[in-house]
Amino acid sequence: MKKLTVLLSVLVLAMGILAAGCGGGDKGDKKAAAPAPAAKEELIVGTEPSFAPFEFPEKDSKEFTGFDMDLIRAIAKEMGYKKCTIKNMGFDALIPAINTGNLDVAIAGFTITEERKQQVIFSQPYYKSGLAFVVRKDVNDVKSFEDLKGKTVAVQLGTTGALYGEKLKEKGTTLKTFNTSDLACMELKNKGADAVISDLPVLQYFLKNGGSEYAKLVGNPLTAEDYGIVISKKKPELAKDVDKALDALRKNGTYDKLYEKWFGKKPEK
Ligand code: ARG
């Protein structure tokens, strides 16, 4: 009888421990599982939309359009997000907003650079670009980058073009920095600048859409640069998922379709 009592109490105790264990485990599981579907609700994207054909305001609409905009919407969809919200910010505010968690990703024709890689994660490269410059049509003594010494050059704040332009400063060039790429080009039109340093595809689009009336492309491209999507270092999983989505869009033809839509040719392989 004594033995039975001991056995019973051991059993009861064991069951109690097991039940407690299960209970705890259960709660833990729920906690781990709950945020997953919630996270798929909305992808918050930052951009600086003065950069056609990558991001710019859509005519007669509050939306932004361009290659980057189409691409990130397709990526969000591929990742299973119900909604993709695009926020307009200063270009130099995008990386800080990624790092404070105000944005999930930023896409803004961002060149992948070593310096930026210290601060954020970049997706795989999604577009081959590079810097170039245009000069005003009436400026005839500029045939190469070196000839920009002593001239006035407009750039956008925080861009690789602005950094490249810094090299000219010691040569007596005046560098004028603007918050948007559009404003830099406007300065050229208004004869406040002799040249604009920016990304080649953006300058080409600008020339094609009215810019050629007062500006022209000079010399060869200055650099070769790759664009990447920006993600916080605190979110390596999100970065992996963006890359996976990009892989899928390349495989299923969506990437090529968007590239052709915006650049009128197939992407270089
Ligand atoms: N590719 C250049 C950079 O990363 C310029 C990007 C400017 N982008 C923009 N949306 N305004 O610095």
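Along the sequence shown, residues carry numbers from 1. Because the structure is a prediction, the values reported are computed rather than measured. Only this structure's heavy atoms are used, side chains among them; waters, hydrogens and symmetry mates stay out. Atoms within a ligand are numbered from 1 in the order they appear, just like the ligands themselves.
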Look at atom 1 (N) of ligand 1 and say which protein heavy atom is nearest, naming residue and atom and giving the distance to 0.1 Å.
D199 OD2, 2.6 Å

Which of F54, F178, F110 passes ring pair (Phe, Tyr, Trp, His ring centres under 6.0 Å) with F91? It is F110

Does the N or O separation between S50 and ligand 1 drop below 3.5 Å for any pair?
no

Is any side-chain heavy atom of I86 closer than 4.5 Å to one of I72?
yes

Is K216 close to L207 at the side-chain level, that is, under 4.5 Å between some pair of heavy atoms?
no

Pair K266, E260 - check salt bridge (Lys or Arg N to Asp or Glu O under 4.0 Å), show working.
CA-CA 6 Å; K266 285 197 173 11; E260 278 192 71; 3.3 Å; yes

Min heavy-atom dist G109 to ligand 1 below 4.0 Å
yes

Under 4.0 Å from one or more heavy atoms of F110, ligand 1 contributes atoms 4 (O)

Near F51 (heavy-atom distance under 4.0 Å), the atoms of ligand 1 are 5 (C), 6 (C), 7 (C), 8 (N), 9 (C), 10 (N), 11 (N)

Report yes if some N/O of T47 lies less than 3.5 Å from some N/O of ligand 1; otherwise report no.
no

I'd like to check which ligand 1 atoms, numbered from 1 as shown, lie under 4.0 Å from a non-hydrogen atom of T159.
5 (C), 7 (C), 12 (O)

Report yes if the side chains of L246 and I229 come closer than 4.5 Å at any heavy-atom pair, otherwise no.
yes

Is there any N or O on S181 that sits under 3.5 Å from an N or O of ligand 1?
no

Any idea how Y214 and F206 line up, ring-wise: parallel (<30°), tilted (30 to 60°), or perpendicular (>60°)?
perpendicular

Report yes if A108 has an N/O atom closer than 3.5 Å to an N/O atom of ligand 1; otherwise report no.
yes

Determine whether Q204 and F263 make a side-chain contact, defined as any pair of heavy atoms from C-beta on separated by less than 4.5 Å.
no

So, is Y227 polar-close to ligand 1, with some N/O to N/O distance under 3.5 Å?
no

Could you tell me whether K40 sits above the aromatic face of Y81, with NZ or CZ closer than 6.0 angstrom to the six-membered ring centre and within 45 degrees of the axis?
yes

Between R116 and ligand 1, does any nitrogen or oxygen pair lie at a separation below 3.5 Å?
yes

In terms of atom number and element, which parts of ligand 1 are under 4.0 angstrom from non-hydrogen atoms of E48?
9 (C), 10 (N), 11 (N)

Short side-chain donor-acceptor distance under 3.5 Å, E63 and T65:
no

Polar contacts were defined as any N/O atom of the residue lying under 3.5 Å from an N/O atom of the ligand; does this apply to T111 and ligand 1?
yes

